[in-house]
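See structure below.
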There are 4 protein chains.
Amino acid sequence: MAATDLPDRRADPARLAPEDASTIAAQPSPATGSTGNARTTGSPATGSTGSRSAGSRRSEAARLAVLNAADDLLVEHGFEGLTIEGIAAAAGVAKQTIYRWWKSKVDILFDNLVLDAGTALGWPEHPSGPADVRAYVHRFAAFLGEDPAGRVLQALLGHAQLDPRTAELLHSGFLDELRARDVAHVRTCLGLADDDRAAVVLDAVLAPLYHRALVLRRPLDAAFVDALLDQQLDEQPAR
Amino acid sequence: MAATDLPDRRADPARLAPEDASTIAAQPSPATGSTGNARTTGSPATGSTGSRSAGSRRSEAARLAVLNAADDLLVEHGFEGLTIEGIAAAAGVAKQTIYRWWKSKVDILFDNLVLDAGTALGWPEHPSGPADVRAYVHRFAAFLGEDPAGRVLQALLGHAQLDPRTAELLHSGFLDELRARDVAHVRTCLGLADDDRAAVVLDAVLAPLYHRALVLRRPLDAAFVDALLDQQLDEQPAR
Amino acid sequence: MAATDLPDRRADPARLAPEDASTIAAQPSPATGSTGNARTTGSPATGSTGSRSAGSRRSEAARLAVLNAADDLLVEHGFEGLTIEGIAAAAGVAKQTIYRWWKSKVDILFDNLVLDAGTALGWPEHPSGPADVRAYVHRFAAFLGEDPAGRVLQALLGHAQLDPRTAELLHSGFLDELRARDVAHVRTCLGLADDDRAAVVLDAVLAPLYHRALVLRRPLDAAFVDALLDQQLDEQPAR
Amino acid sequence: MAATDLPDRRADPARLAPEDASTIAAQPSPATGSTGNARTTGSPATGSTGSRSAGSRRSEAARLAVLNAADDLLVEHGFEGLTIEGIAAAAGVAKQTIYRWWKSKVDILFDNLVLDAGTALGWPEHPSGPADVRAYVHRFAAFLGEDPAGRVLQALLGHAQLDPRTAELLHSGFLDELRARDVAHVRTCLGLADDDRAAVVLDAVLAPLYHRALVLRRPLDAAFVDALLDQQLDEQPAR
DNA sequence: TCATAAGCGAGACGGTACGTCACGTCTTGCG
DNA sequence: CGCAAGACGTGACGTACCGTCTCGCTTATGA
């Protein structure tokens, strides 16, 4: 079950070697949003010719340290207690190094979200039936409800309610793409006629999850998810 | 259509037990949460026996100025741009006067929410049929999606994702009560057997609204609400 | 030998009780230059009606702590090593408290200069003869050359070469006044016909002192000063 | 009137011993103070035997660009606004290139001073009479008071009051030597018995100039200089 | 009736974090 | 090896608000 098309930048060499044209990963440039910054476990990707003329490249170690520190501190102190200076200190990095590459703590969290969601919210390579949808929804519920990495999504969703720029980033940078992909897969798996119909099904499943997580603050236990799926998916074919 | 049981605290300092007259007279004590602070149009509540020995009572004008200023500034500058000092300046009030009665800007907004929701989210005095439910849901959608006063709910819901204390205040001080009331009314109007069943119906209607408002960020137009109601309400009796 | 007309604000109640109209001491207002701020040893001077309407007054303790800390740190680390943050830390004061009342470290040093010069560069109350001039010049040389408080003057004179705003402050706020007073006293003591002639004598004495201190960096020992005075003063009457 | 003995280092890397040809060939070594760096109009000094084994030599273009940029920026933004990064940018040079050859902006300015003073403060090749002294003093006054290049001397004199290292550099690297040369020439021109007597005359002339320029901030106009010279020079022979 | 104690405006204060600037060191390719 | 480019750790800058704290003034009791 490999992650497919949600841009998983985990070991994505696209950052420096854009031979993979299929993803959106823009060439990173200092603090112009937050694209293309994600935790990499791979090598520094020195293979390409690089468009940068000369000089020292961005420190991979610093980037990873910042992302991880932000994640840790978010869990530890919450979003409000999350501080650029705190991240810098925890990451052993200079404040200016953070500001060079990210515009705000939201930006840093966003990069973490893209990374973690790429890991946690994958679809099978060739999704083929309702069972794949069920599995994905369970995965989604686990991410949103329990996964510590899901805290980032929760925080960003919350902050998007408070700040239009966060909303814009979150939607056009992540949620829209996620949704488009999910709609397509649902359509395929359920054999639906068009995307609109698939979107209706997807919303019917996801809305209660978001509602329960964000508004009711109750756990998204497997039983709940299963009941939801039984109700929404089984009646679909009947239509 | 007078507001009924959602505690409209316009002139009512007792927040959680409206029927319990014994607690009504208690003058709100400084900054013990956010109880008893709401915009009042009536008199300064002189009816009580007052445990205060002497001196001037709380200034009603100041309280109203603060609440209104907070509302205005929230709309104008957003939650992040909302500051205690800004509210104090806009309200023509000393900072200390705010801190004497509220613990934080969340607290102020919460009072505004209680007040505005009391106005906007009322049920008819004797709700009696599905039509009342439909009307209420439309009202709710309008509040959540368009009403400038609904911005407060949106902001607090967002902030509740970031701060457990806000979540606690919002839920046990407002959402739980709102939900209990709505469940009861839905049960009555639809003639359902028990509260659990009513809660299921309520959630089935509200979840898509919240989802659309908070996650999808699309307008809650009347057509959408009607379609939702048609789907969820009409099929319920059939069960 | 009491200080006369150089505004000695040491224990000058003029800051809050301007019954002494002869001095320039303006009513202090936050960070509008640096007038009227100097170390006071007296009481908080509550006798007057004060133009400030209400609220807490400026903390005398903080003001003194800042001035003294700046003085100490200047001697210890030099002008370049003098830092607002360092002063704040050494004074046990918040940085903002400094910025509230002074615009820059130059401003703080200027206040110290006014204070210290008032102490060190006084004339006798009724200067009457060449001996008073001689005594004053010796005092001046000691101040410029040895007195740790003279370091402030040296630093400000140096910085005035680098920054026009410092130059402006130092001249119109201190040096011009000092010079006018000295010219008048010299004229009186030496029985000169007009101020221009007195200014020539004064310059003839002070120029070598400044030159030696600032340019040659040699000590202004008493022998040098005496020789200078012998040469310049004794021949003057002959003219 | 060719410049004579104030070491005009235009094409002369040996600073302290102009007559000593043995040290001339030494290529300046990186950042060991500020020796040997001055604007050259001639060739890159290829006459020497070059001790460097291989690799590229110091870029003459870069050196000139830095010195000129520093001069321009000093006039434009003042000493405080003068920045290594600003110089580098204005000179089209990498920051490291500056740090390789100079230790600080003071160092760069010092090189400019040595260069400009060499040009502006020359004596005739064989000074012979009081007229030469008068001419030199006029030249000096013009340099100190008007010449944009004199801004450098003013800035360094000012900064020397703030920083002992600058003072040390300025004195032992420039002022002492300048003074020694001037004393010798004055002695010759005025036919004085010894250097001490010449130094007294020199100081008597220069002190008022420095005083007027640095402390009084008044223009050093020709009339003032002439009056000064009349007074100090004409009475000297009488002694 | 009036002292008296609280509410209130004003705003100074010690703090924390912000986002920016420049420092001086370093590393990386190019020539 | 010099150099352009520029990332990096460092530290100070000046600002914005925080929440607490005094001040006098005003005002409505309740002794």
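Being a predicted model, the structure only gives us computed values, none of them experimental. Letters go in sequence order (proteins before strands), and every chain restarts at 1.
- Each of D:Lys105 and B:Ala91 lies near DNA chain E, and the nucleotide nearest B:Ala91 is the one positioned closer to the 5' end.
- Taking side-chain N and O atoms only, D:Trp101 has a distance below 4.0 Å to OP1 or OP2 of F:dC3.
- D:Lys103 has its NZ atom 11 Å from the P atom of E:dT25, to the nearest Å.
- Following rounding to the nearest Å, D:Arg100 (CZ) and E:dT27 (C1') show an atom-to-atom distance of 12 Å.
- For the pair B:Arg58 CZ and F:dA28 C1', the interatomic distance rounds to 17 Å; values are reported in whole Å.
- Checking E:dC13, F:dG2, F:dC13 against every side-chain atom of D:Ser59, the shortest atom distance belongs to F:dG2.
- Closest to the C:Arg57 side chain, of the nucleotides F:dC18, F:dA12, F:dG24, is F:dG24.
- In this structure, the CD1 atom of A:Ile98 is 15 Å from the C1' atom of E:dT20, given to the nearest Å.
- Residue-level contact check: B:Gly86 touches neither bases nor backbone, having no heavy atom under 4.0 Å from any strand.
- In this structure, of E:dG24, F:dC3, F:dC18, it is F:dC18 that holds the atom nearest to the side chain of B:Glu85.
- By the 6.0 Å and 45° rule, D:Lys105 stacks over the aromatic ring of D:Phe79.
- One atom, CD1 of A:Ile87, and another, P of F:dG9, lie 14 Å apart when rounded to the nearest Å.
- Residues C:Ala62 and C:Val93 approach most closely at CB-CG2, 3.9 Å, considering heavy atoms.
- Two residues are said to be in side-chain contact when any heavy atoms from C-beta on lie closer than 4.5 Å; C:Glu76 and C:Leu73 meet this criterion.
- One can place CD of A:Glu60 at 16 Å from C1' of E:dT28, the figure rounded to the nearest angstrom.
- Interface remark: the B:Lys95 side chain does not form any donor-acceptor pair with the E:dG9 base, using a distance-only criterion of under 3.5 Å.
- Separating the CZ atom of D:Phe79 from the C1' atom of E:dA22 is a distance of 14 Å, rounded to the nearest angstrom.
- Side-chain proximity of D:Tyr99 to the nucleotides E:dC13, F:dG19, E:dC23 is greatest for E:dC23.
- Nearest heavy atoms, B:Glu80 versus A:Leu162: CG-O, 4.1 Å.
- At whole-Å resolution of the value, CH2 in A:Trp102 and P in E:dC18 are 15 Å apart.
- Each of C:Val106, C:Leu169, C:Leu109 was evaluated against C:His159; a single residue qualifies, C:Val106, per the side-chain contact (heavy atoms from CB on, under 4.5 Å) test.
- Distances were taken from every side-chain heavy atom of A:Ile84 (C-beta onward) to each of E:dC18, F:dC3, E:dC8; the shortest belongs to E:dC18.
- Mapping A:Gly92 and C:Ser104 onto DNA chain F via the closest heavy atom, the residue that lands nearer the 5' end is A:Gly92.
- D:Gln96 contributes a side-chain N or O that forms a donor-acceptor pair with the base of E:dC26 under 3.5 Å.
- Where C:Thr97 and A:Gly81 each meet DNA chain E at their nearest nucleotide, the meeting point lying more 5' is that of C:Thr97.
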